[in-house]
Number of protein chains: 2
Amino acid sequence: MLKVPDHQVAGHKGRDGMLGPLIDDSGHFYKPLQDDDRGSNEVAFYKSFSSNTEIPDHVRRFFPIFYGTRLIEASDGSGLHPHLVMQDIISSHLYPSIMDIKIGSRTWPPQASEDYIQTHLKKDRDTTSIALGFRISGLQVRGSKESETWKPDKKLVKKFTAKDVSLVLRKFVSSNTSVDTGMDPDCSFASAVYGGSTGILAQLLELKKWFEDQTIYHFFSCSVLMVYDKESVVKERNYGAEVKLVDFAHVLEGKGVIDHNFLGGLCSLIKFIMEILTGCDEDEEAKASLQDPKKNCNYTD
Amino acid sequence: MLKVPDHQVAGHKGRDGMLGPLIDDSGHFYKPLQDDDRGSNEVAFYKSFSSNTEIPDHVRRFFPIFYGTRLIEASDGSGLHPHLVMQDIISSHLYPSIMDIKIGSRTWPPQASEDYIQTHLKKDRDTTSIALGFRISGLQVRGSKESETWKPDKKLVKKFTAKDVSLVLRKFVSSNTSVDTGMDPDCSFASAVYGGSTGILAQLLELKKWFEDQTIYHFFSCSVLMVYDKESVVKERNYGAEVKLVDFAHVLEGKGVIDHNFLGGLCSLIKFIMEILTGCDEDEEAKASLQDPKKNCNYTD
């Protein structure tokens with residue numbers, strides 16, 4: 001049985017008779033092939049990537065597994081339509097908080113048409129892409145109850161400023177800001193989700209190392225998806241924090257050059273997350289010193 | 001006594017009655033302040049940088065020392081004109097090979113005017129900036145004799161393709177290509193100039209580490225200058241190989257964000273140089289195995 005995914009945070013949605021992705025209950029994600037070059041480009045990328053023996057396993061795990069293409073009934077009721085079949089990244093999470101971040105200050109490939117370049121350059125300038133090297137495309141943050149999910153509207157997300165991005169990256173790992181209130185985010189999950197040897201930061205650094213060296217692919221308009229799961233707090237120390245790359249409709253051959261556009265944006269995101277973690281440490285030190293009067297006062301025995 | 005520098009490879013030249021930089025014989029470089037904002041911006045950057053206590057010494061050495069501004073007779077005979085006074089980086093070199101590389105796939109700051117953006121975007125697309133994240137702005141490569149200096153014309157440099165850039169970075173450290181011949185560059189100085197613990201690569205990696213972290217400045221249209229000196233081969237193992245940053249007319253405040261545009265381009269340049277060094281090692285291994293028949297043949301005792 002195919003259904004519209006509950007947890008989609010960016011991209012075209014398959015609700016209300018629109019063409020959009022579907023999932024089944026065996027962990028597959030079906031993405032309708034776009035009619036223009038984008039569909040065939042994404043299939044070509046997945047085929048090339050799947051069969052490329054130069055991709056190390058510790059890098060491959062950041063990409064959804066590809067199962068080929070299949071003709072299935074489209075979500076808009078228009079009948080059979082070719083779909084990419086891939087791993088449903090979200091299905092292994094019970095209660096996921098998700099953020100989709102489009103990486104790179106430039107979302108247009110060098111040889112794009114003049115119209116394409118001007119349209120996408122405008123989007124890059126109107127969002128945080130030019131300023132930060134990345135932009136948030138969508139997110140949902142779970143609270144302690146289902147009703148407390150914060151999933152800001154697409155229009156709001158598009159207007160995020162640099163300051164908003166910094167705040168939202170904090171809210172993403174806070175327990176007190178799942179509903180969009182004016183409260184200061186407490187960052188109470190930051191060290192568990194972003195930090196640690198298997199957290200988001202460690203994964204992004206692993207990816208960075210690959211991007212410093214790989215000259216096979218250039219990823220334009222590709223997103224880093226960050227997922228974690230408040231329900232798994234008991235099971236795992238890092239809340240099942242996961243990084244995946246998604247959206248490969250604009251991947252080009254690297255031709256012996258590194259993807260400096262993606263790498264620059266990735267390093268910028270990494271710096272934001274490092275700053276949040278440093279802030280946490282300082283907060284915890286401050287709390288500790290408040291609890292320990294000796295640390296807080298200048299008195300002698 | 002002020003004179004026009006011999007070894008300028010990029011930028012406006014002070015010859016033939018034009019306004020351009022001058023040098024004296026005590027190691028000072030005088031750069032005429034440009035009338036528009038660029039002059040005052042560059043002075044403002046140097047003043048800010050000189051007095052900023054957050055810049056570590058191992059980073060400061062990549063910047064020319066700043067001595068303030070001075071009114072001196074301009075090179076175009078127009079009378080007294082304000083000049084930036086800074087360290088003449090080249091004067092300590094006897095017989096310098098020099099390359100000026102403008103870093104960043106984007107040479108325009110975010111808040112530039114529409115005209116400025118479109119003009120510079122075009123330049124970035126017409127050169128290798130968009131494709132490689134950097135472009136060569138000028139160079140001179142010394143041969144064994146003065147007459148063998150290769151200093152390609154500005155127009156030729158502007159037309160460099162990605163392939164040309166890769167070749168020119170090889171020619172820069174070769175003994176057989178100082179005159180522009182069709183010969184394969186021998187890369188005979190590569191391991192000495194690019195490699196080693198104090199060579200160009202080590203210096204660029206040091207700079208990279210700073211750019212991964214610093215959020216104070218964003219450097220648009222700024223160049224990495226690579227200099228080495230064939231005459232100093234006897235004195236120093238690495239031919240006095242030096243990296244300096246120059247041209248700060250378009251430096252902006254970082255506002256808590258890393259300079260992902262500069263960093264991406266720098267990483268791309270680093271990868272090119274690493275590839276050349278790997279090529280050298282392979283060449284040397286090949287040569288060694290040719291000299292050692294045991295390594296070259298599959299025979300048993």
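Order of the sequence lines fixes the chain letters, A, B, ..., with proteins taken first and strands second; residue numbering starts at 1 for each chain. Note that this is a predicted model, so its numbers are computed, not measured.
More than 12 heavy atoms of other residues, nucleotides or ligands sit less than 6.0 Å from atom CD of E206(A). Summarising the local packing, NZ of K158(B) is surrounded by 12 or fewer heavy atoms from other residues, nucleotides or ligands at distances under 6.0 Å.
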Evaluation steps, side-chain contact (heavy atoms from CB on, under 4.5 Å), between Q118(B) and Q118(A):
CA-CA 10 Å; Q118(B) 291 302 333; Q118(A) 292 303 332; 3.3 Å; yes

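When L132(B), V257(B), L121(B) are compared by the number of non-hydrogen pairs under 4.5 Å with chain A, L132(B) comes out ahead. Of the listed residues (Q111(B), H260(B), M274(B), E275(B)), the greatest number of heavy-atom pairs within a distance under 4.5 Å of chain A belongs to H260(B). Counting heavy-atom pairs closer than 4.5 Å to chain B, the top-ranked of the candidates K208(A), K255(A), H218(A) is K208(A). No other option in G265(B), P109(B), S166(B), A131(B) has as many heavy-atom pairs under 4.5 Å with chain A as A131(B).
I117(B) touches chain A through its side chain: at least one heavy atom from C-beta onward sits under 4.5 Å away, while N, CA, C and O do not. Heavy atoms of F272(B) lying under 4.5 Å from chain A belong exclusively to its side chain.
For the pair C267(A) and L263(B), the tightest heavy-atom approach, listed with the atom from each and the gap, is CB-CD2, 3.5 Å.
In this structure, D213(B) CG and K271(A) NZ are separated by 3.5 Å, a value rounded to the nearest 0.5 Å. The distance from atom CH2 of W108(A) to atom CD1 of I130(B), rounded to the nearest 0.5 Å, is 3.5 Å.
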